[in-house]
Amino acid sequence: MKIDDPIQIKNSDTHSVIKLKGFIDASTIQKIRPIVDKKLDENSKNIIVDLLDVGFIDSHCIGFFVSLLKKAHAREGLLTIVGATGQPEAVMQMVGFNNDLVSYCDNMTEAKALLK
Amino acid sequence: MIKSNTENYNKDKKTHSFFQEKFEHSQESLSFSDTQKIRSKVIEFLDQYSIPKEIIDNINLSITEILSNLVKHPTKSLSFLKISIRNIQNKIELDITDNSTPFEDFDIEITKALKALKITVDETKGGYGLGLIARINQDIKYTSSNDSDDNLNHFTSSQTIDIPDNKEIEDHTPPLAPKNKQLLFIIDDDATARKLYTKILKDKYKVMSFEHAEDALKAFPDQKPKLIISDLIMPDMDGINLRKKLSELEGGDTTPFIFISADSDKEDSIYIDDLGVDDFLCKPVRAEKLLHVVFRLLKRSLQIQESLQKKFDDDITQLLEPAVPKSYKNYNIKLAYAVAEAGGGDFVSYKETDNKLTIVLADVMGHGKKAKFFSYMYAGYLNSIFNVNAKDHNAAEILQELSQYINNDRLLEDVILTCQCTQLFPDGKVDIASAGHPYPIIIKNKTNTVEPVHIKGALPGLTDNNIYNLISLHLEQGDKLIFMTDGFLETFSKTENALQDVIDLINENIQLHTPELLSTIWEVYEEKTKDPSAIKDDATLIIMEYNNQL
């Protein structure tokens, strides 16, 4: 992964991991969406979003998470958010992204264990 | 064209206008790349002041949402945009002025958006931006270009900074003082590179530069830089070895580290080696890129520290949560407590043995994490005393053991605590020993009297061999004993009258049974500490009632 890439996607049998990086706003989401459409495996049931390296999100990022949530739910899978702290965590709580909708984990190991 | 930055302080109005950024263009409209530049400037600027991170985040989010909207929906080309930030007393005011198409019915829309700010999976709605703006800002005002004198749209909002202890802001200083600049180390054997990086960074950071990695290593323990930028290939000690050696120093492994190298092929090997390198920049380094990476890593490092600290505090607070059994033989026991946000350290330990219940109530003096940490240590030690000796030791002997332990332990000798040990026996006999703790209060049911139990004792660890007195009381049907810590008592009064105030309060409610009495007294405490900042210290209150008809 190049340092400036805001997104990296890895698919496996049970889940897909979307790793985001940096500052996620309207312009980042504009870049990210086509990559997600192309690379996210439509067959993998669960989606894990890694926010460990994300320091800021805005409402467009929330809109993006809602679209992922719909994808995961449509496949009867889970959306798991890893490493949301500080501003991203605060914004997610403000819009009501609570534990009923998504699972929050501190790290990837926890997130993967959750899917077993 | 983006112009920025006037800073001035208006003494009369106590207004500190510390940021102004203007975007003016005749042909092109605002682009995302412009908004990113503007926003970075605002945030990096604010970051130099002692403004809480949460407030900077909120300002950042407000600007991001509004500017994104201006870029995405340019019904009328935007050629003028001005962002100003002012500091008035403990408020930070954000003002965004533009000449684009105005929002229609802003007030109605923002109220609607706030109400609708809730995620659901089924909805296909977007547009959480306005709701977020409404949620995070105060005093939002929008004047559209149709209604303003200058034919521009004006958005204004504010954020309030909590000032500790309602501290008055002095008249002659700007309300927010610039922060001390963070220290960075630069290590490069090339003098030109050192000069260049220093020039780029010196406005925002304090910079120390080194030609040799060994010198940086020597300076590290005293200087404790917040971030290190190092060349990869150097004679003598190279960057990789510097990183390795640094990890062995206290704090070295957690200090953000950036490698700079002319050879981009080296990048992979650095990450593969798992050296704990946070970023890699290729020469030639652009000023904007370097500033951005340094800013981002420092911010990230702070976030990690804060979240670890919070987790540690929460864990310790949870571990120390005072608890007593609800009843023991013929006693009903009730407890209430409040934890001071800043720390404090009350704890309760208890142990039931064959013929008695031993309860220790203690209060570690001081505030903050240190007090909490020591409370945790003491609680652990007391549990070990209990497990070995509670069966055979009386209340005074338990305090003696604790005192001896503190006296012998160099780590604990500077820590002051008060402590009270109580042993309840099934027949109504109660033994109490005290080490500098507030007097307990006894309520005698038969005579309807309330009085203090005068039990005194030296603070634990004060001398080599503290000896404690033991008072034995004999409770009768309906008698109650009340125990409290200083944090509770001092809420009533700082003087010696505090105990009398509590006694008076009990007298007014003497007819109540234990649960009601506890909640009545606690309500008065809560009334006095309505403002959470009034809770300076942990407070604990325990009431035990003897009832031989249980």
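Numbers restart at 1 for each chain; the letters A, B, ... are given by sequence-line order, proteins then strands.
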Rounded to the nearest 0.5 Å, what separation is found between the [atom1] atom of [X] and the [atom2] atom of [Y]?
X: D25(A); Y: R39(B); atom1: CG; atom2: CZ; answer: 4.5 Å
X: I24(A); Y: T64(B); atom1: CD1; atom2: OG1; answer: 12.0 Å
X: Q93(A); Y: R135(B); atom1: CD; atom2: CZ; answer: 11.0 Å
X: N60(B); Y: F56(A); atom1: CG; atom2: CZ; answer: 4.0 Å
X: N69(B); Y: H60(A); atom1: CG; atom2: NE2; answer: 7.5 Å
X: Q87(A); Y: I56(B); atom1: CD; atom2: CD1; answer: 12.0 Å

Test item: R300(B) side-chain N/O and L52(A) main-chain N/O as donor-acceptor pair under 3.5 Å: yes
Backbone of D58(A) reached by a side-chain donor or acceptor of E65(B) within 3.5 Å: no
Option in G131(B), S68(B), S33(B) with maximal non-hydrogen atom pairs under 4.5 Å from chain A: S68(B)
Derivation of the side-chain contact (heavy atoms from CB on, under 4.5 Å) call for Q30(A) and F32(B): CA-CA 10 Å; Q30(A) 233 177 31; F32(B) 274 134; 3.6 Å; yes
Measuring heavy-atom distances to chain B, does [X] have an atom under 4.5 Å in its side chain, in its backbone, in both, or in neither?
X: D100(A); result: neither
X: E89(A); result: neither
X: F65(A); result: neither

Within a radius of less than 6.0 Å around [atom1] of [X], do more than 12 heavy atoms belonging to other residues, nucleotides or ligands occur?
X: K39(A); atom1: NZ; value: no
X: E110(A); atom1: CD; value: yes
X: D37(A); atom1: CG; value: yes
X: K299(B); atom1: NZ; value: yes

Heavy-atom proximity to chain A below 4.5 Å, by part of E54(B): neither
